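Remember, it's a predicted structure, so these values are computed and weren't measured experimentally.
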Amino acid sequence: MFGLVWMLSIRIRVFLRRFMPTNILLGAIFTRRGLKWGLPAMVLAGVYFVAAALCAGAISQGAPGWLNLLVLLCLWNALKFVAVGPASLFCLLRVRMGEARIRRLERAAVLSDGVPLERATQAPARVMH
């Protein structure tokens with residue numbers, strides 16, 4: 001029984017990640033090219049909060065009760081987009097620091113050209129030609 005529930009939850013997760021628009025967008029944000037769009041994507045959180053407020057207002061005015069599910073869905077998506085901004089910024093900083101470290105190491109390897117680099121501590125001697 002536990003295995004059946006486990007497999008069902010995995011299948012539901014795969015379906016939601018593949019076909020739900022917000023999950024597709026979040027997947028695109030957490031690629032290397034998409035990390036810079038994490039903070040602007042937080043604007044969508046405001047849109048989802050407004051949609052949730054509008055649905056809640058409609059429910060209080062006598063709209064059908066199934067709109068409560070839409071309110072929960074909007075709030076869940078808003079929280080996802082609120083969290084994606086700082087998370088993508090952290091990932092972007094980590095990736096950029098790693099890229100800078102790689103560039104620094106490659107530059108040192110090219111400059112040394114197989115010769116160990118030494119730090120210059122005194123002025124170079126003048127060479128007479």
* To do: With sequence neighbours left out, write down each residue that passes side chain to side chain donor-acceptor pair (under 3.5 Å) with Ser88, or none if nothing qualifies.
  =>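 By the side chain to side chain donor-acceptor pair (under 3.5 Å) rule, Ser88 matches no residue at all.
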Who are the side-chain contact (heavy atoms from CB on, under 4.5 Å) partners of [X], not counting sequence neighbours?
{"X": "Ile24", "value": "none"}
{"X": "Leu16", "value": "Ile12, Met20, Asn23"}
{"X": "Trp6", "value": "Phe2, Ile10"}
{"X": "Ala83", "value": "none"}

* To do: Output the distance between atom CD1 (Ile29) and atom NZ (Lys36), rounded to the nearest 0.5 Å.
  =>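 Output value for this atom pair is 12.5 Å.
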* To do: Can you measure from OG (Ser9) to CG (Leu4) and round to the nearest 0.5 angstrom?
  =>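 Ser9 OG to Leu4 CG: 10.0 Å, rounded to 0.5 Å.
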* Asked: Stepwise, does the side-chain contact (heavy atoms from CB on, under 4.5 Å) test hold for Thr22 with Phe81?
  -> CA-CA 9 Å; Thr22 56; Phe81 282 110; 3.8 Å; yes
Mind listing the side-chain donor-acceptor pairs of residues 45-62 below 3.5 Å, one per line with the distance, residues two or more places apart or on another chain?
| unit_1 | atom_1 | unit_2 | atom_2 | d |
| --- | --- | --- | --- | --- |
| Ser60 | OG | Gly57 | O | 2.7 |

Path from [X] to [Y] over hydrophobic side-chain contacts below 4.5 Å:
{"X": "Leu67", "Y": "Leu75", "answer": "yes"}
{"X": "Val71", "Y": "Leu73", "answer": "yes"}
{"X": "Leu89", "Y": "Leu26", "answer": "no"}
{"X": "Val82", "Y": "Leu44", "answer": "no"}

* Asked: With sequence neighbours left out, what residues match Phe15 under ring pair (Phe, Tyr, Trp, His ring centres under 6.0 Å)?
  ->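 Residues passing ring pair (Phe, Tyr, Trp, His ring centres under 6.0 Å) with Phe15: Phe19.
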* What pairs with Arg32 under salt bridge (Lys or Arg N to Asp or Glu O under 4.0 Å), at least two apart in sequence or on another chain? ->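 Arg32: salt bridge (Lys or Arg N to Asp or Glu O under 4.0 Å) contacts with Glu99.
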* To do: Any pair with a residue in residues 1-27 that passes salt bridge (charged side-chain N to carboxylate O under 4.0 Å, His left out), sequence neighbours left out, goes on the list, sorted by first then second residue, please.
  =>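 Output for this query is empty, none listed.
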* Would you mind reporting whether Val84 and Phe30 have side-chain heavy atoms less than 4.5 Å apart? =>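 Side chain of Phe30 against side chain of Val84, heavy atoms only: contact under 4.5 Å found.
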* To do: Determine the minimum heavy-atom distance between Pro86 and Met42, stating which atoms define it.
  =>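 Taking Pro86 first and Met42 second, the nearest heavy atoms are CD-SD, 4.0 Å.
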